[in-house]
Asker: 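Dropping a structure here in C-alpha cells format, bear with me for questions.
In this text the structure is predicted, and so the values were computed from the model without any measurement. All chains are named by letter (A, B, ...) in the order of the sequence lines, taking the proteins before the strands, and each is independently numbered beginning at 1.
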Amino acid sequence: MFDKKKLNFWRLAFIFTGFTVLVLVYLWNSPQEPKAMMMDGSMGNMMKQMHVTNMTIYDLLTSEKEKQASMSEMHSHHQGQSSVIFKLNFLTTGIIFLLLPFIIGGSIILAIVWIK
Amino acid sequence: MLQKTWVKLFIWFMAIFFFFLAAGVVISALKPGPSENEAMNFMMGMMSAMDSSMMGVAMNIENDNALQAVIALSTSIALPIMLVSIVAGVGIRLWQRRDRNV
Amino acid sequence: MNLRFDFIMHWLWAIVWALLALSGFGMVGAKHGWLVNFDYATADFVHRLSAAVFVVLTFISIAYEVFRNIKKDTKNLAWFVIGRSGYQLFTFITTLILIITGALIWICSEFNMSAVGFALLIHEYISYIALASVIWHIYKKCHALLSLKKPQAKPQKG
C-alpha cells in the first residue's frame, strides 16, 4: 500500500488529514457561539426540505405558471447591476443554452458509438 | 513535457489545491453547526449576490426577451438534434464496423 | 516544446474545474461560507463565468471525440478528459449531470421550485462525488507528482 511510487500522494494526504483534524479539534474546543436555528445544512438540503420531500414525478413535469407573476415582481427590484454584468450574463447564458443541445447530441452519438 | 520545472510546479499546485478543497469541504461538513453570525453572513452574502452579480440578473430572466428567445431556440432545436445524433451515432457505428469487417 | 492538444485540454479543464469547485463549494451553505469569505457576489460571478468556459471546453472535447470516431482514429489520448472507459468515462458522466442540472438551476425562475430543488440536490451530491474522485485520480496518477529537487537522469522527451 505504501509503496515508493505513491509516496508523494501519501505525504499530501497525511499533511492535509492532520491539518483537517487539528482544525476540527480546535473548532470544537473553542467556545461555541450560539447556534443558528436556520440555515443548518446545505442549500440542496434546504431546498429538499422545502420543496422536494412531498414531491411526485407529476410535480416535476408541471410548471407553476400562476406563481411566475408574483415572482417576476419580486425580482424586478434587483436592478442595481452594471451593464457589464448584463452583457456577461447574456453572453454566458447564450453560450450555455446554445451549446447544451449540441453537448447532449454529441454525448448521444458517443454513447451509441461506445456501447459494445 | 512532464520534466519541465514549471509543469511540475503547476501539477503540484493543482494537487495541493484539490487537497485543500477536499480538506475545506470536510472541515465545513464536520465543524460545529453554523452560528448566528455565519447564517447572517450567508444571507447577507446571498442578498449582495442578488443585487450586484449575475444571480439577480439571471433571476430576472423572464423579463429579458432576447434571452427568452435564446432559450426557446435551444429547446426547440434540442429534439431535432437528439434525433439527428441518434441517426449519426448509428451511422458512425456502421461506418466503423464496415471497415473492420473488410 | 511539443504541447499536445489533450495535455492542454486536461489542464485547462483542471483549472476551470478548480475555480468552479472553489466558488461552488463556498456557496453550498452557511457552514461552507468561509471558503469564499461570504463574498457570494464574487463567487457567483466566478461560478457563472467559469461555467460558460466549462461548457465550451466540454463541447470542444465532445466534438473532438466525435470527429476522432468519424476519422476512425483509435489512437489512445492519454491526457484527454473524456473517453470510453475508466476515469474518462466517469468524468464524462459527472460532467453531463453537472452541466444539465446546472443549466436547470440557471433558469430556475422558469421552472417550478421542486424541479430546481431536485436539480440543486443532485448538483451538490454529484460535485461531492466528483471531488472525491479527483483525489482518487491524484492517487492513481501519483507518478505525475515528480520531485522538484533532483532532476531526472533520463533525457528530455519534450
Asker: For C:F92, is it the side chain, the backbone, both or neither that has a heavy atom under 4.5 Å from a heavy atom of chain A?
Answerer: side chain
Asker: Taking the side chain as C-beta and beyond, is there a heavy-atom pair between A:N89 and C:W106 under 4.5 Å?
Answerer: yes
Asker: Using the test ring pair (Phe, Tyr, Trp, His ring centres under 6.0 Å), find all partners of C:H137 that sit at least two apart in sequence or belong to another chain.
Answerer: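 For C:H137, the residues satisfying ring pair (Phe, Tyr, Trp, His ring centres under 6.0 Å) (neighbours in sequence not counted) are C:Y87.
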Asker: Which residues satisfy the side-chain contact (heavy atoms from CB on, under 4.5 Å) test with A:I15, sequence neighbours excluded?
Answerer: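 Residues passing side-chain contact (heavy atoms from CB on, under 4.5 Å) with A:I15: none at all.
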Asker: Could you look at C:A63 and say if it's the side chain, the backbone, both or neither that has a heavy atom under 4.5 Å from chain A?
Answerer: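 Neither; nothing under 4.5 Å.
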Asker: Compare all side-chain heavy atoms of A:L100 with those of C:V55 and state whether any distance is below 4.5 angstrom.
Answerer: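 A side-chain contact is absent here, since even the closest heavy-atom pair is not under 4.5 Å.
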Asker: In terms of heavy-atom pairs under 4.5 Å, which option from A:G106, A:A111, A:S107 contacts chain C the most?
Answerer: A:S107
Asker: Examine whether an atom of A:I96 lies under 4.5 Å from a heavy atom of chain C, and if so say whether it belongs to the side chain, the backbone or both; otherwise answer neither.
Answerer: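 Backbone plus side chain of A:I96, per the 4.5 Å heavy-atom cut-off to chain C.
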Asker: How close do A:I95 and C:A52 get, counting heavy atoms only, and between which atoms?
Answerer: CG2-O, 4.1 Å
Asker: Checking A:L91 against chain C: side chain, backbone, both or neither under 4.5 Å from a heavy atom?
Answerer: neither
Asker: Identify, with sequence neighbours excluded, every residue that meets salt bridge (charged side-chain N to carboxylate O under 4.0 Å, His left out) alongside C:R68.
Answerer: C:E65
Asker: Can you pull out the residues in residues 41-48 of chain C with any heavy atom less than 4.5 Å from chain A?
Answerer: C:F45, C:R48
Asker: Is there a side-chain contact between A:F9 and C:I135 (heavy atoms, below 4.5 Å)?
Answerer: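 A:F9 vs C:I135: side chains touch.
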Asker: Using non-hydrogen atoms only, which part of C:L96 is less than 4.5 Å away from chain A: side chain, backbone, both, or neither?
Answerer: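 Interface part for C:L96: side chain.
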Asker: Check the surroundings of atom CZ in A:F102: do more than 12 heavy atoms from other residues, nucleotides or ligands lie under 6.0 Å from it?
Answerer: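 No, not enclosed.
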Asker: Just by distance, do the side chain of A:K6 and the backbone of C:K140 share a donor-acceptor pair under 3.5 Å?
Answerer: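 Side chain of A:K6 to backbone of C:K140, a donor-acceptor pair under 3.5 Å: yes, one is there.
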Asker: Does any heavy atom of chain C fall under 4.5 Å from the side chain of A:L88, the backbone, both, or neither of them?
Answerer: side chain
